[in-house]
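See structure below.
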Amino acid sequence: MIMDSIIYSTKIIHQRFLPFQHKFKYTLLSMLINYDELTSLSKKLKIFSYNKFNIFSFYDKDHGYRDNRSLQDFVESVLRKSKVKFNYLTIRILCFPRVFGYVFNPLSVIYCYENSNLIAILYEVKNTSNEQHTYCFAGKKKENA
């Protein structure tokens, strides 16, 4: 079985100009995860787990509703509210995994596919004061309002 999920080495850069100047840059591990593969990845990789502690792990509660509901439920709800039609949804999420139980996810990018066509991208932005905003950018495949 060929897996769709990928690990990336990413550079994080942040620069602030007001109210004071501040800049940082560092390298982190990012994962582009096919949401349908999470259970298989957890069984296949000893250092990775789905919804449980490990060296690297992915928890549904770190995304979407941020409770025990699935990311799938959250994405489907956002797409419906945004009037994006789908029948056979595939979700891929670009995010930082938990490392030894700690999570840092200022930005997660969720790619939504109908068959192999990209129909929407959700940007989950979380700031240091624990606020979260999700922005949906949809393609042309919308229902009539």
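FYI, the numbering just counts along the sequence from 1.
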Is Leu45 linked to Ile55 within one hydrophobic cluster, defined over Ile, Leu, Val, Met, Phe, Trp and Tyr using a side-chain heavy-atom separation of less than 4.5 Å?
yes
Rounded to the nearest 0.5 Å, how far does OG of Ser42 lie from CG of Asn54?
7.5 Å
Quick check with a 6.0 Å cut-off and a 45 degree axis cone: is Arg98 positioned over the face of Phe56's six-membered ring?
no
A side-chain contact here means heavy atoms from C-beta on lying under 4.5 Å apart; do Leu107 and Val109 qualify?
yes
Could you pull out the closest heavy-atom pair between Tyr113 and Asn115, with the gap in Å?
CB-O, 3.6 Å
Pick from Tyr35, Phe58, Tyr123: which one makes a ring-ring contact (aromatic ring centres under 6.0 Å, His included) with His63?
Phe58
Just checking Phe53: does its CZ atom have more than 12 heavy atoms from other residues, nucleotides or ligands closer to it than 6.0 angstrom?
yes
Does the side chain of Ile110 come within less than 4.5 Å of Ile91's, by heavy atoms?
yes
For the residue pair Thr10 / Ser30, report whether a side-chain donor-acceptor contact shorter than 3.5 Å exists.
yes
Would you mind reporting whether Cys112 and Leu122 have side-chain heavy atoms less than 4.5 Å apart?
yes
I'd like to know if the side chain of Glu37 reaches the main chain of Ser5, judged simply by a donor and an acceptor atom lying under 3.5 Å from each other, with no hydrogens or angles considered.
yes
Do Tyr59 and Leu38 share a hydrophobic cluster (ILVMFWY, side-chain heavy atoms under 4.5 Å, transitive)?
yes
Plane angle bin for Phe96 and Phe104 - parallel if under 30°, tilted between 30 and 60°, otherwise perpendicular:
parallel
Applying the 4.5 Å side-chain criterion to the ILVMFWY set and letting contacts propagate, would Val103 and Leu94 be lumped into a single cluster?
no
When you compare the side chain of Tyr111 with that of Leu32, does any pair of heavy atoms fall below 4.5 Å?
yes
With a 4.5 Å cut-off on side-chain heavy atoms, are Lys61 and Arg69 touching?
no
Determine whether Leu71 and Ile93 satisfy the following criterion, side chain to side chain contact (heavy atoms under 4.5 Å, CB included), listing intermediate values before the conclusion.
CA-CA 10 Å; Leu71 177 64; Ile93 180 169; 3.9 Å; yes
Please indicate whether Asp67 has more than 12 foreign heavy atoms, meaning atoms of other residues, nucleotides or ligands, lying under 6.0 Å from its CG.
yes
Distance (rounded to the nearest 0.5 Å) between Asn68 CG and Asp73 CG
11.5 Å
Please check if Leu41 and Ile7 belong to a single hydrophobic cluster, counting links between Ile, Leu, Val, Met, Phe, Trp and Tyr side chain heavy atoms closer than 4.5 Å.
yes
Specify the closest pair of heavy atoms between Pro97 and Met31, including all atoms of both residues, with the distance to one decimal.
CB-SD, 3.6 Å
Is there a side-chain contact between Lys23 and Arg16 in this structure, where contact means two heavy atoms from C-beta onward sitting under 4.5 Å apart?
no
Spatial distance of atom CG (Asn34) from atom OG (Ser40) [nearest 0.5 Å]
9.5 Å
Side chains of Tyr135 and Val125 in contact at under 4.5 Å (non-hydrogen atoms):
yes
Test side chain to side chain contact (heavy atoms under 4.5 Å, CB included) on Lys25 and His14; report intermediate values, then the result.
CA-CA 7 Å; Lys25 180 167 99 171; His14 174 78; over 6 Å; no
Verify same cluster id: Leu79, Tyr65 (apolar side-chain graph, 4.5 Å)
yes
Test item: side-chain donor near acceptor, Asp60 and Tyr50, under 3.5 Å:
yes
According to the interplanar angle, ranging from 0 to 90°, do the rings of Phe24 and Tyr26 count as parallel (below 30°), tilted (30 to 60°) or perpendicular (above 60°)?
parallel
State, yes or no, whether a side-chain contact exists between His22 and Phe17 at a heavy-atom distance under 4.5 Å.
no
Got a second to check how far His133's NE2 is from Glu124's CD, nearest 0.5 Å?
11.5 Å
What's the separation between atom CD1 in Ile119 and atom CD in Glu114, rounded to the nearest 0.5 Å?
5.5 Å
Output the distance between atom OG (Ser70) and atom CD (Glu76), rounded to the nearest 0.5 Å.
7.5 Å
Asp4/Arg92 ion pair, N-O < 4.0 Å:
yes
